[in-house]
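The next block holds one structure in the form of structure tokens; read it before the comments.
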Amino acid sequence: MSAKIDIEFTVNGAVKQVTVPATASALDMLRDQLDLKGAKEACGEGECGACTVIVDGVSVCSCLSYAVDFDGRKIETIEGVQSDEGLDPIQQAFVDYGAVQCGYCTPGMVMQVKHTLDKNPNPTKEEIQRGLEGNVCRCTGYSKIIDAVTEVASS
Amino acid sequence: MDQIVEKPDTLIGAAFPKPDAPDKVVGKTTYINDMVLPRMLVAKIKRTDRVHAKILSVDISEAEKVPGIVAIATAENSPKGLIGVLKDNPPLKGDKVRCIRDEIAGVAGETEEAVNRALELIKVEYEDLPTVFDPEEALKEGAPLIHEDKPGNIGLTFDFEHGDVKKAEAESDVVLEEKYELHYVTHTCMGPGCVIADFDTHGKLTIYTQTQYPYNYKMDLAPALDIPAGDIRVIQPPTGGAFGSKLDVYPFEPIAVYLAKIARRPVKLFFSREEEFIASPTRQPARVYIKQGAKKDGTITFRDVQVYLNNGGYTSWGATIPAVMMRTMTGHFRIPNVEFHSVAPYTNNPFAGSFRGYGNVQATYVTATLMDKMAEELGMDPIEFRLKNAQEPGERTPQNSLLKNAALADCIKISAEKTDFLKKHAEYTEARKTPGRIRQGIGIATSVHNAGGAKIHKSDGCGTILTMDDYGRATVITGASEIGQGIDAVITQLVSEELGIPPSDVLIANDDSAIGPWDVGVHASRTTFIAGNSARNAAVKAKQQILAAAARQSNVSADKLELRGGHVVQKDNGVSVTKLDRLIRAMHFAGEDAELVMVSEYYEPPSELEDKNHVGDISAAYAHGAYITELEVDTLTGGVKLHKITAVQDVGKVINKLGIEGQMEGGIAQGIGYGLSEELIIEEGIVKNPNFRDYKVVTAPEMPEIECHFIEDDEETGPFGAKGISELPCIIPGASIANAVYNAIGVRFDNPPITPEKIVRALHGGKAEAAE
């Protein structure tokens, strides 16, 4: 049993205090301790992007981050993207453009797109594709995802 | 004042978003991997580290002592029933192991840490046995025997003969004889393998599973569990992809059940990504020897095919792919004389299951590249040679597939015109004569696939139960499984269209075998066709019942009424006779005449089983496709950059524009992976690249532009004319890419994937791995 450490950070605007094992991944902490199961573990080694969350404005693979490294940080997860007005434009575009099939990669995709568009609101098609290169989708062939992002960027 | 209800735009062919998409984009969908049941234990599998060995002993005594460990299942304390297509696979191995994925024990405990600790403490003693990994070696006299009751290591065999191949060969002007080596690829579903087993106190099992065939799944699972199939309830929570990988029972599922039985608690067993690569079924690898002949005028005279399928340690669906492969080998283009023989010898490799496209990915890679080779040999262009041998509508193949509205020639012509194929092909061929680093290439490939179901079981049917509530909402309980592919959207559209209610008033229920009616499963591009017909027929029955009631109430005859916008209206002028919900309540609360709108339908397609000689019209419809790839090859680095894939396919009728394009694009991405980058490298039975770093699926930057052109020929037996479509997009691209690469650099690769390494070796020397 590894040592436990107390951490405090912000998730989707709410302050959380959690006691985590020193070796726990941020993904396990989010899923198992905070019940935020939107981020998925699909590879556990930073190769697929299904666990993507945004930490202090930067998209990261939460499976590769230690939970303790979230101490003092501002975390955004898929659960915080929808607002009181409804779906975020990225989420709405994913629905409208058919960018979702099995959907297992979708939360990570949406977070990565959010990061990409935050950094570069007017990306070229190539920049959109590059922005998604760390996120694997096995169902859609990416075309509809790229269409959705293009729509959000242009509106 | 009469209320006029305008006819709404049809939903058939619309870009209709999937009903499950909103929950998925907000991260709300609870996949099986996310589920937690009260008092649930977590479980993992102890696998072997040998590829062929006698098990001398399994010692779990230290593992049992780990705090938090609740149950350990081994062959000794578990039921002895077998699983797999030939029932040759014990879920837990007791006497010997036959491949690297073999299961020694299942361990369930309170935490993953405890379970992992216990796995390390299980001690297994082995006596290694001689090994064999090559299918042809495995057939030789004296080869190590994998299963003691399978002499000669012979698994499934398929044989088909039509006409006189020897005579045809003698009469041919040109004969090509080729060898292909088709590789291992794997599904890499984004949601790793996961199952939850839970017994109630009556001893009945509820199993939460990713399966894509919930009804026969019970039948296949029960023998391994020593319980009646009827005591199994299958729940299908949302799943992270399947693509054919979940069409059989695999050992982890019964192992989870054994553990749940011992623990008397729910048990969740799940895979790591590494395990997903090593221990889930692959696409079937194939070594294909093929001879094809033609006359000088381009008429194909014969095909003679011998296939060796590396069966691996056990038999799942992989070894049955000749059932599909054969249809393309014998029936894609007019083949007057044909022999097909295949054998699947057991080896010490992992084993294959079904994977989107089944054996047709392999068959199409072979035949579509061979067609190009032969055209060149004959001095014909690739289009002319194909058109010369393309079947006309109404022709039957040697295996009796009736190509009612064969669109093969149309697909070829349209794709060639859209891409200016002949001009570019000639230009790029000519360009090879002059120096230059970057070479352009264009290639065409075609195929045919069943598009009206596939009768491989005694029934290829699907049931639907449709009920309407007092508020005019429809619940459609369908046997069809939603695995992400979008059948819920299609059925919603079909039912909404027939009942004249908005799609938001249709609820699809299809995740519980205790409620749903029977269905074969999601496979063979069948679901839109079969389940679509079933749902539509059910909606028509409900509509008839409703209109009859409305006719009685309104004194307008039923044939003059229709359902529109939540009303019963007069067909000719759209005047509302009654609101639908009000009518349904009136039907329900009519005293002794009370009736509920609640109908059932079982749709069986008009198709037939193959006879013992593999002759039979197994599908109600077939569909062709022609895909053209445009790419460039960097002759220095071997890199291939895809520019565009133009896909022309006979789809009968588009039901959901978003869904069909999504299936096309997603299938094409998998097809590109097959042709260019994906290979599960297995050396001496060991999987060498069990991770996304070294197993290269296609990612967003590698995707070319995709242009789809749908031929809509309104299949008379399909729902609103639709055919099944979802496998051809995965089947055709690999061969189309191979032909384009040849057009660019003049080198054939009969051993996909066509990696930069292979291209560089072929162009600049080094170990020759290119075409033999």
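Both backbone and side-chain heavy atoms feed into the values below; hydrogens, waters and symmetry mates do not.
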Could you tell me whether B/E707 and B/K644 make a salt bridge, using a distance below 4.0 angstrom between a side-chain N and a carboxylate O? yes
Charged N to carboxylate O below 4.0 Å: is that the case for A/R138 and B/E678? yes
Region of A/K40 that comes under 4.5 Å of a non-hydrogen atom in chain B: side chain
For B/Y695, is it the side chain, the backbone, both, or neither that has a heavy atom closer than 4.5 Å to a heavy atom of chain A? side chain
Side chain, backbone, both or neither of A/V81 within contact of chain B (heavy atoms, under 4.5 Å): neither
Looking at B/M703, B/K28, B/M190, B/H187, which makes the most heavy-atom pairs under 4.5 Å with chain A? B/M190
Pairing donors with acceptors under 3.5 angstrom, does anything connect the side chains of B/E632 and B/H643? yes
Side chain, backbone, both or neither: which part of B/Q663 has an atom under 4.5 Å from a heavy atom of chain A? both
So what's closer than 4.5 Å to chain B heavy atoms on A/E41: side chain, backbone, both or neither? backbone
Heavy-atom distance under 4.5 Å to chain A: side chain of B/D23, backbone, both or neither? neither
Are any side-chain N or O atoms of A/Q82 and backbone N or O atoms of A/I78, one a donor and one an acceptor, separated by less than 3.5 Å? no
Ionic contact status for B/R117 with B/E113, cut-off 4.0 Å: no
Side chain, backbone, both or neither: which part of A/E79 has an atom under 4.5 Å from a heavy atom of chain B? both
Using distance alone, with no hydrogens and no angle criterion, decide if A/S59 and A/Q112 have a side-chain donor and acceptor under 3.5 Å apart. yes
At a 4.5 Å cut-off on heavy atoms, which part of B/F243 comes close to chain A: side chain, backbone, both, or neither? side chain
